Amino acid sequence: RRRASPGPSPGTAPGTLSSYLPCSTLHASAMIENVRKGTAVRRRRDFPRDASARVADCEDAVVYLLAPAAYVSVVGCVDCVVVIGAASRAVRVERCRRVTVIAATRRLRVRAARECAFHLAVAEKPVFLGECRGNVVAPYNTFYETLEADLRTAGLRVEDLSSNWNDPQCAFADVSVADAASDEKEDDEGSKRRALVVKAEAPEAFAPFIVPFREPLVSGATHDSRDEFGGEKVTRANPFSVPDAYVAALDAKVRAVASLRGALRDARLDERAKRELQAVVQAHFKEWLLASGAMRQVYELARIERGESAL
């Protein structure tokens with residue numbers, strides 16, 4: 001096989017990664033670093049408009065960036081969830097493992113990521129560079145109250161961000177574009193290699209992600225009646241389109257849960273059997289909370305809401 005001629009490494013040529021994103025922490029207006037088994041939240045009030053944010057060297061953490069930003073970089077994180085509300089320029093993910101990134105942005109550039117999941121609303125095709133393996137892409141799957149306002153602030157239109165998530169581009173350093181285009185066998189091998197780098201998430205694995213924060217109410221308003229926040233319409237559902245296959249898979253899950261609840265409700269159990277069943281369900285749920293780390297997140301979210309913690 002012919003080798004590509006030596007050239008600039010990915011991310012250094014004009015129009016690639018380094019053109020879009022500052023790599024140094026000196027450029028970041030908001031930095032979240034070294035969070036271990038914790039939850040960090042940044043909202044509009046926490047950094048100025050058009051700021052850049054950097055999430056680095058976090059492990060087993062959940063990070064919420066619920067504000068418009070220019071650039072966001074996620075670097076060196078493991079076993080994390082990062083929610084990015086609206087990045088007007090680009091999101092960079094580098095040297096991460098088992099990280100879930102939920103992002104609405106103009107561009108996504110990924111380098112050296114392994115077993116990561118990307119739930120995207122993106123204007124341009126996502127680009128995967130370097131040693132990436134075992135990643136998945138999927139539709140955007142969350143919302144929060146000021147999401148649409150943040151998108152407008154970032155200059156991002158919902159209709160421009162819904163269709164490119166499922167067409168990732170991969171850059172292989174050892175095969176040139178001309179080589180792959182001139183040889184059908186090379187093209188087939190390139191497709192196989194691309195599947196090892198990134199593929200679409202199966203609809204059966206798709207699930208919504210719940211952002212557990214609400215903005216402070218203005219005087220006299222209630223969450224049930226309020227339609228605007230600061231003059232902006234409140235977002236009450238995911239504004240991005242989701243392919244029919246993923247919607248159908250979610251509907252099937254909802255129907256399965258409803259069927260199980262109906263069966264339990266209609267079961268002719270005496271009071272003792274009902275108590276035993278309830279105890280078994282609660283025990284398994286508590287076991288899942290502890291094993292998954294969700295119990296820790298519940299405690300941390302409660303502290304954040306009380307103002308006791310702000311990583």
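The model shown is predicted, which means the values in this text are computed figures rather than measured ones. Heavy atoms only: backbone and side chains are in, while hydrogens, waters and symmetry mates are out.
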Asker: Just to verify, what does Lys125 make a salt bridge (charged side-chain N to carboxylate O under 4.0 Å, His left out) with, not counting sequence neighbours?
Answerer: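 Result, salt bridge (charged side-chain N to carboxylate O under 4.0 Å, His left out) vs Lys125: Asp167.
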Asker: Does the pair Leu250 and Val254 meet the rule for a side-chain contact (heavy atoms from CB on, under 4.5 Å), with working shown?
Answerer: CA-CA 6 Å; Leu250 283 177; Val254 172; 5.5 Å; no
Asker: Do Val78 and Val62 share a hydrophobic cluster (ILVMFWY, side-chain heavy atoms under 4.5 Å, transitive)?
Answerer: no
Asker: Show the numbers, then the answer: is there a side-chain contact (heavy atoms from CB on, under 4.5 Å) between Val158 and Leu151?
Answerer: CA-CA 8 Å; Val158 170; Leu151 291 170; 3.9 Å; yes
Asker: Does any N or O in the side chain of Lys253 come within less than 3.5 Å of the main-chain N or O of Glu204, such that one atom is a donor and the other an acceptor?
Answerer: yes
Asker: Can you check side-chain contact (heavy atoms from CB on, under 4.5 Å) on Leu66 and Arg42, steps first, answer last?
Answerer: CA-CA 6 Å; Leu66 308 182; Arg42 298 293 184 271; over 6 Å; no
Asker: Below 6.0 angstrom between ring centroids: does that apply to Tyr246 and Trp165?
Answerer: yes
Asker: Would Arg106 and Asp160 count as a salt bridge (charged side-chain N to carboxylate O under 4.0 Å, His left out) if you check the C-alpha gap in whole Å, the side-chain angles of each, and the deciding distance to 0.1 Å?
Answerer: CA-CA 9 Å; Arg106 194 173 307 280; Asp160 295 335; over 6 Å; no
Asker: Does one side chain, of Glu145 or Thr235, offer a donor that lies under 3.5 Å from an acceptor on the other?
Answerer: no
Asker: Would you give the length of the straight line joining atom CD of Glu115 to atom SG of Cys132, rounded to the nearest 0.5 angstrom?
Answerer: 12.0 Å
Asker: Taking atom CZ as the centre, does Arg97 end up with more than 12 heavy-atom neighbours from other residues, nucleotides or ligands that are less than 6.0 angstrom away?
Answerer: no
Asker: Give a yes or no answer on whether the side chain of Ser259 reaches the backbone of Arg255 with a donor-acceptor pair at less than 3.5 Å.
Answerer: no
Asker: Check whether any side-chain heavy atom of Trp288 lies under 4.5 Å from a side-chain heavy atom of Leu290, and answer yes or no.
Answerer: no
Asker: With sequence neighbours left out, what residues match Arg114 under salt bridge (charged side-chain N to carboxylate O under 4.0 Å, His left out)?
Answerer: none
Asker: First locate atom CZ of Arg95, then atom CZ of Arg111, and finally report the distance between them rounded to the nearest 0.5 Å.
Answerer: 9.5 Å
Asker: Rounded to the nearest 0.5 Å, how far does CZ of Arg194 lie from CG of Leu196?
Answerer: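 With rounding to 0.5 Å, CG (Leu196) is 11.0 Å from CZ (Arg194).
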Asker: Once rounded to the nearest 0.5 Å, what's the spacing between atom CD of Glu287 and atom CD of Gln282?
Answerer: 14.0 Å
Asker: Is the shortest heavy-atom distance from the side chain of Phe285 to the side chain of Val280 under 4.5 Å?
Answerer: no
Asker: Evaluate Glu276 against Lys274 for salt bridge (charged side-chain N to carboxylate O under 4.0 Å, His left out), listing each step before the verdict.
Answerer: CA-CA 5 Å; Glu276 290 177 350; Lys274 288 181 179 178; over 6 Å; no
Asker: Tell me, yes or no, whether the heavy-atom count around Lys286 atom NZ, taken from other residues, nucleotides or ligands under 6.0 Å, exceeds 12.
Answerer: no
Asker: Return the minimal non-hydrogen interatomic distance between Glu201 and Phe206, and the atom names on each side.
Answerer: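 Shortest heavy-atom contact: OE1-CA, 3.5 Å.
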Asker: Distance-only, no hydrogens or angles: does the Asn141 side chain make a donor-acceptor pair with backbone N or O of Ala207 under 3.5 Å?
Answerer: yes
Asker: With sequence neighbours excluded, what pairs up with Phe143 under the ring-ring contact (aromatic ring centres under 6.0 Å, His included) test?
Answerer: none
Asker: Checking side chain to side chain contact (heavy atoms under 4.5 Å, CB included) between Leu161 and each of Leu156, Leu120, Thr105, which is the one that passes?
Answerer: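 Of the listed options, the one satisfying the test is Leu156.
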Asker: Would a 4.5 Å heavy-atom cut-off, applied to side chains only, mark Asp57 and Val75 as touching?
Answerer: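 The answer is no, as the side chains (C-beta and beyond) never meet within the 4.5 Å cut-off.
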Asker: Measure the spacing between OG of Ser73 and CE of Met31 and express it to the nearest 0.5 Å.
Answerer: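 So the OG of Ser73 and the CE of Met31 are separated by 10.0 Å.
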Asker: Could you please spell out the steps behind the salt bridge (charged side-chain N to carboxylate O under 4.0 Å, His left out) verdict for Glu148 and Arg157?
Answerer: CA-CA 9 Å; Glu148 288 170 288; Arg157 300 195 307 167; over 6 Å; no
Asker: Can you list the steps and then say if Ile84 with Val101 is a side-chain contact (heavy atoms from CB on, under 4.5 Å)?
Answerer: CA-CA 7 Å; Ile84 300 168; Val101 176; 4.1 Å; yes
Asker: Which pair of heavy atoms, one from Val122 and one from Leu108, lies closest together, and at what distance?
Answerer: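 Between these two residues, the closest heavy atoms are CG2-N, 4.2 Å.
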Asker: Hey, what do you get for CG (Leu269) to CD (Gln278), rounding to the nearest 0.5 Å?
Answerer: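 Going from the CG atom of Leu269 to the CD atom of Gln278 covers 12.0 Å.
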Asker: Going by heavy atoms in the side chains, are Val198 and Val137 under 4.5 Å from each other?
Answerer: yes
Asker: Which heavy atom in Pro203 sits nearest to a heavy atom in Ala245, and how many Å separate them?
Answerer: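 Looks like CB-O, 3.6 Å.
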Asker: Are side-chain heavy atoms of Arg133 and Val197 found at a separation under 4.5 Å?
Answerer: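 Yes. Closest side-chain heavy atoms under 4.5 Å.
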Asker: Does a salt bridge link Arg109 with Glu124, judged by any charged N lying under 4.0 Å from a carboxylate O?
Answerer: yes
Asker: Under a 4.5 Å cut-off applied to non-hydrogen side-chain atoms, are Val110 and Pro126 in contact?
Answerer: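 Of all side-chain heavy-atom pairs linking Pro126 with Val110, none is under 4.5 Å.
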Asker: Would you say Val281 ends up clustered with Leu260 if hydrophobic residues are merged whenever their side chains have heavy atoms under 4.5 Å apart, either directly or through other cluster members?
Answerer: yes
Asker: Under 3.5 Å, side chain of Thr100 to main-chain N/O of Val81, donor-acceptor pair present?
Answerer: no
Asker: Can you name the closest pair of heavy atoms from Ala200 and Asn166 and give their distance?
Answerer: CB-OD1, 3.2 Å
Asker: So, for Val99 and Asp79, which heavy atoms are closest and what is the spacing to 0.1 Å?
Answerer: CG2-N, 4.1 Å
Asker: How about Pro208 and Asn238: do any of their side-chain heavy atoms sit closer than 4.5 Å?
Answerer: no
Asker: Got a donor-acceptor contact below 3.5 angstrom from the His119 side chain to the Ala138 backbone?
Answerer: no
Asker: With heavy-atom distances below 4.5 Å as the criterion, would you say the side chains of Val41 and Leu65 are in contact?
Answerer: no
Asker: Mind checking whether Phe213 and Tyr64 have parallel, tilted or perpendicular rings, split at 30° and 60°?
Answerer: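 Ring orientation of Phe213 relative to Tyr64: perpendicular.
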Asker: Is Val35 reachable from Val74 through a run of I, L, V, M, F, W or Y residues, each pair having side-chain heavy atoms under 4.5 Å apart?
Answerer: yes
Asker: For Arg36, does its backbone N or O pair with a side-chain atom of Asp60 as donor and acceptor, under 3.5 Å?
Answerer: no
Asker: Can you establish whether the number of heavy atoms outside Asp270 located under 6.0 Å from its atom CG is more than 12?
Answerer: yes
Asker: Can the ring centroids of Phe118 and Phe128 be said to lie less than 6.0 angstrom from one another?
Answerer: yes
Asker: Can you name the closest pair of heavy atoms from Cys96 and Cys116 and give their distance?
Answerer: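 In terms of heavy atoms, the two residues are closest at O-SG, 3.7 Å.
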